[in-house]
Structures are given as C-alpha cells and as structure tokens.
Number of protein chains: 2
Amino acid sequence: MQLSQQLFTKYSTGCPKVAAFCYIAAQLHDYLGYMTLLIRAEKKQQTRQALLDAALTLMADGQGFSAVSLREVTRQVGIVPAAFYRHFPDMDALGLALVEQVSSTFREAIRLVRRNELEQYGAIHASVRIFAEYVVAYRQHFLFLAREQYGGSAAVRQAINAMQRDFITDLEADLALSPRLSHLGPEDYEVLASLVVKTVFTTLPELINPHESDQPDSRSPAHQLEDKLRFILIGAKHWRGIKARTDGD
Amino acid sequence: MQLSQQLFTKYSTGCPKVAAFCYIAAQLHDYLGYMTLLIRAEKKQQTRQALLDAALTLMADGQGFSAVSLREVTRQVGIVPAAFYRHFPDMDALGLALVEQVSSTFREAIRLVRRNELEQYGAIHASVRIFAEYVVAYRQHFLFLAREQYGGSAAVRQAINAMQRDFITDLEADLALSPRLSHLGPEDYEVLASLVVKTVFTTLPELINPHESDQPDSRSPAHQLEDKLRFILIGAKHWRGIKARTDGD
DNA sequence: TTGAGAAGTGAACAAGTGTTTACCAAGATG
DNA sequence: CATCTTGGTAAACACTTGTTCACTTCTCAA
C-alpha cells in the first residue's frame, strides 16, 4: 500500500496534529484496503477490478461464466446491483474485459517460455515446466480460458477464439524462423502452429486440476504435454510435404 | 409408423365400421405423431426423447446446456413443468442421459471410421472425410460434446471426460496392434492416443461451423485435421523412445 | 369390471433475476 | 466558496426459475 504512504507524506507536512491524523488515516486505509482516501479514478478502477475478480472467482467454483449473475457479482464485491452499470453496460462486456485481461497474462506466460528456444527438442522439458508453473499460479485465469473457449456467451467465445488465432499467427511466424523446420511450406506452418496451440489449450484443465481426470498409473499432465509436443515436433521434422502425399490419395 | 398398422390390423377384424374407424384413427395417429393410440411405455419414452431433443436444440442456439432451464425444455415439448419430474429428477440427470445418447452416436462414427485402417497414412484422408460428414449430420450431438466437455455442469463434464478416456483406451489398444508403431512403449501409446483423441475433439467446433472461425486463405477444417493427424503419426513413426531423451535433459 | 398406478395438469410458492428511477454524499473543478 | 459530476444507494418493476401439491385421465393388469 504505497498510496497511503504517499498521501501521508503529502498531507502531513506542517501541523503535527494533522500529521498524526494522517498517519491514523493511512493506517485505516491500509486496513480497509481500498475504501478510503482514494482519488476517484483510482477508486473506480479498483471497484472495476473487484468486479472482474469476483466474476472470475464465482465462475471458478460454479457452472461457468454464463451462469454467474450480475447480482452475484455485485453481492460479492459489496455494492448494490445498480452500481454495476457504472462500470459495464452488460455482463457480456465484463466477460470481454475478462478475456482481455486473461489474454495478457497468457501472453506473459508465452513471453517467459520463449526464452527457452522452443525449436530445440531439449528445451521442451524446461518450457513446459515453466508454463505449468505459471498456469497453477494464475489458475483462475487459465480456468476461465479453458472453460469459456467453447461454452457460454457467444461474444466471449469469439473473443477467446480471436486471441487463440493471434497466438497461432505468432507461433507460425516463430516456427518459420527455425532452421530445423525450413523444409515446411507456409500452409504447413499454419497447421503446425494450430496443432501446438490447441494441444496446449486442451491440456489446461489437466494442468489446473491434476487430480480430477486422473488415471493413477499414467504420467503427470505436464509430462504428457511434453511428450505430445515432442510427437508433434518430430513429425514436423520428418514431414516431407503434403502435396506429394495428397496427390497419392 | 408401423404401430398404427399394427393397431389397425389388431382392432379392425370383424365389423367393417370398426375397421373404417380404426383406419381413420391410424391415419390420425400417423398425423399427430405420438399423441394418440400409443401404449403407455412407448408414449413415455417418446416424451422422454422429446425432452432430450428439446434440451439439445435449446442448447445449440443458446448459452450452453447449463443455461437451459427446466421450464424452457418442458415449454418446447409442450408439457407442464411439473411433468418433467416423471422422467428426470433433475436437469443434471437429463444432461447425463444426453451424454450417454451422444456418446453412442460418437461410437457409431468411430465404428464407421475404423473400416478405413487408421494405421495406414493413405487412409487418413478417407477417414477424416467420413468422420466430418458424420459430424455435420449429427451436428447437435457433437456440438453438445464440444461445448460441455469443459464448461457447465460438473456431472456432465465428468461424464464426458469418462467417455473421452474410454475412447483413448480403445485407441490405445488399437495402436498397439499396428506393426508400424511396434517400437513404442506402453506409455507412449497412451500419450499418442490421448493426443489423437483430443485433437479430434478440439476440431469439432470448426467441423460444425466451418464459417465461424474462418481465415479465408487457409485450408478447410477437415484438411487441417488430416494434416494434424499426419504430423502426429509421422512423429510416432520416428519416435525413438522417451527414456533416452528425458535422460539427456 | 374394477381398481391401482402413472403421465400429465394447473395453480401456487418463495426465490432470484435484470433494469429503471429518484436520490445522496463526496470528489473534481471553476 | 459554490457547482457540477459521478460512484454508489434504496426501492420498486415485471419476469423467470425450481419445486410442491392435489387433481384428473387413462393404461394396464388382476
């Protein structure tokens, strides 16, 4: 809570009584969190964020995002239902804001992984480990992605699909730079990138709840994801071009 | 409607007036569908099926299964809400029945595809084409699978996951019989089967709505699925065993 | 033929929902 | 200082939801 410190030093210069009061107020601010002594814009954005977080939490232990009601969200935040409309016109709008936010944490995860040269087979292990750790750290965000990519509100679904396509395009460009895959054609890159991204997306639920879909004798979800990516990349390495093959059919 | 014929021949022997009436009644039965002249068990099962179909339809152009209300379903079928409880104790129970039904049409699709020797690379094209046609023919069923595999009711989700695991186990056994893949270990089969099944599952929405997530310049969803499976199987063919590789990390 | 049982009815119940309206207190601005 | 702006309040609105209960029919079997 550096804001309280800032307010404290700002207003406490001069009269010692004011200083004392400001100190107490700052403590109170620290205690109450966000309710007191905030400039309006800050406070508004904080309520907005609280709404987003509440929706995420309610969705996590519920029936999915479209089953979360406007009133539930406001109740969790501690404001009256009508106040919701000061921030979003709709629950769909909140959902879209959520997609935007979640997609940025996903991007951060990718940025972390990119340091480990995806092209090299040996790096898959480290990359998957990093990614899996990030997923459990932000499990609500990735749970939202996994659940709402198909089911639920059409607007949210399309937004997630668009985000997914962005990732595929990025990865496509990335794969095209790899010398190991220089024998592939442009369409091959697209299909390969799509396969990798969708494989990662389908593994999200298992990475989040390792226990839910457990066969006790099988490898951990992260290990399985590693192997899957290896299968795919080995296939890409030995890919001889689809033209010759489809002509043969 | 062979039932009407059956009833006609059963009751119309003797008096010609009765025969004439029975004929009209049989015609009426054919016209009204299921409302008239049905023995109880048959009629009950028909209402039950109507409830299942209604739920499927409402979910298809809506927010997913968990957003379909009990009252909506009964309204669509044309019965009163209370009558729902004569067939299912719950909407969740209806969902589970739906999973069972849908999973059997999925099994039928697999049965059709199995005739085309999945092991051989050349057969992928034909197999995918058959599967894709089956998917559009039963689009509501596969839409249900695609949407509810993650989001929505926990019971339905777990049922679909269990079904998916059955498919994976089956395919695992199938792959183990292929001479082309005899160099793989038992864990490899599991991972490979999981990768194939999940790849097919993720492609379902695109196979159903080929327009929705369209990049105009890219290949058709069915073609993409073909190529993805080729990537995977080529990777499996050149797989040298994970032990050596993971030890190297 | 009569009586049990079950599918479907109709009305009522308490909750919960999204949205609107007038209002208030307090930060921002002149 | 006064004034506008704005995040939040309180109450009401018209609905929809799941569930219950006593009821009517009508089948099926004894």
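Only this structure's heavy atoms are used, side chains among them; waters, hydrogens and symmetry mates stay out.
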In whole Å, what is the span from the CD atom of B:Q63 to the C1' atom of C:dT17?
14 Å

Length of the CZ-P vector between B:F88 and D:dG18, whole Å:
15 Å

Any side-chain N or O of B:T47 less than 4.0 Å from the OP1 or OP2 oxygen of C:dG8?
yes

Can we call the ring centroids of A:F106 and A:Y138 under 6.0 Å apart?
no

Looking at B:R75, I'd like to know whether one of its side-chain N or O atoms comes within less than 4.0 Å of OP1 or OP2 on D:dT17.
yes

Over how many whole Å does the gap from A:F84 atom CZ to C:dT17 atom C1' extend?
13 Å

B:F65 vs B:F144 aromatic rings, parallel, tilted or perpendicular, using cut-offs 30° and 60°?
perpendicular

What's the CD-P distance between B:E72 and D:dT16, to the nearest Å?
10 Å

Indicate whether OP1 or OP2 belonging to D:dT19 is found under 4.0 Å from a side-chain N or O atom of B:Y85.
yes

For atom CD of A:E108, is the number of surrounding heavy atoms from other residues, nucleotides or ligands below 6.0 Å larger than 12?
yes

For A:Q46 and C:dG27, give me the distance from atom CD to atom C1', rounded to whole Å.
16 Å

Whichever of A:R86 and A:R71 has its nearest DNA chain D nucleotide further upstream toward 5'
A:R86

Test B:V73 against every option in B:L58, B:I79, B:T57, B:D53 by the side-chain contact (heavy atoms from CB on, under 4.5 Å) rule and name the one that passes.
B:L58

From CG of A:D90 over to P of C:dT19, roughly how many Å is that when rounded to an integer?
6 Å

Let's see if you can work this out: which of C:dG8, D:dT20, C:dT20 has an atom nearest to the side-chain heavy atoms of A:A82?
C:dT20

Can you tell me which nucleotide in C:dG8, D:dT9, C:dA6 comes closest to the side chain of B:H87?
C:dG8

Between CD1 of A:I79 and P of C:dG18 the distance, given in whole Å, is 13 Å

Do B:E148 and A:Y150 come close enough that some side-chain heavy atom pair is under 4.5 Å?
no

In whole angstrom, what separates A:Q49's CD from D:dG7's P?
16 Å

Nearest to side-chain heavy atoms of B:V80, which nucleotide of D:dC28, C:dT9, C:dT19
C:dT9

